[in-house]
Amino acid sequence: MHRLFPEKHVTIITSDVLEDKLVGFIRARGASGYTIVRARGAGSSGEQSGDLDIDTNIKLHVILPEDRLSGLLDDLDYLLKRGHHLVTFVSDVSVMAPEKFEKSSF
């Protein structure tokens, strides 16, 4: 059996106009990296087809140690309080190589 280590997985779904700001938050919180993919679907903000630049969402994934989670959630709360539409999910995950997530690599 492999040894696994606990981390936090944060998924953020929002408009692509927030991409640079979110990446800045993630860097400031010392995450080791992130993944962004285009997203489309429907929800409380209506349907996002992804066909137009003004109608495109992204889905951002980041894994980080629990001690860095609160600061990132504070950053996301800041955006919500300013009227930005975003959905955030936080999950407990287990990773095989925790050193990958300990220090910023970008």
Quick check: do [X] and [Y] have side-chain heavy atoms less than 4.5 Å from each other?
X: Ile36; Y: Val23; answer: yes
X: Val10; Y: Ile26; answer: no
X: His9; Y: His61; answer: yes
X: Val90; Y: Leu69; answer: yes
X: Leu4; Y: Met96; answer: yes
X: Phe25; Y: Leu79; answer: yes
X: Ile12; Y: Val87; answer: no

- Task: Give a yes or no on whether the backbone of Arg68 and the side-chain of Arg29 come within a donor-acceptor separation of less than 3.5 Å.
- Result: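 Judged by distance alone, no pair lies under 3.5 Å.
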
- Message: Looking at Ser94 and Pro6, would you say the former's side chain and the latter's main chain have a donor-acceptor pair under 3.5 Å?
- Response: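 No: the side chain of Ser94 does not pair with the backbone of Pro6.
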
- Query: To the nearest 0.5 Å, how far apart are CD1 in Ile13 and OG1 in Thr11?
  - Reply: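 Here the interatomic distance stands at 7.0 Å.
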
Heavy-atom pair with the smallest gap, counting every atom of [X] and [Y]:
X: Thr14; Y: His85; result: OG1-O, 2.6 Å
X: Gly33; Y: Val62; result: O-CG2, 3.3 Å
X: Leu22; Y: Ile58; result: CD1-CD1, 4.5 Å

- Other residues, nucleotides, ligands: >12 heavy atoms within 6.0 Å of Glu19 CD: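 More than 12 heavy atoms, drawn from other residues, nucleotides or ligands, come within 6.0 Å of this atom.
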
- Taking everything shown except Tyr78 itself, do over 12 heavy atoms lie less than 6.0 Å from its OH?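 No, because the 6.0 Å sphere around OH of Tyr78 holds 12 heavy atoms or fewer from other groups.
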
- Among Leu60, Leu18, Asn57, find the residue that satisfies the side chain to side chain contact (heavy atoms under 4.5 Å, CB included) test when tested with Leu86.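 When Leu60, Leu18, Asn57 are each tested with Leu86, the side chain to side chain contact (heavy atoms under 4.5 Å, CB included) holds only for Leu18.
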
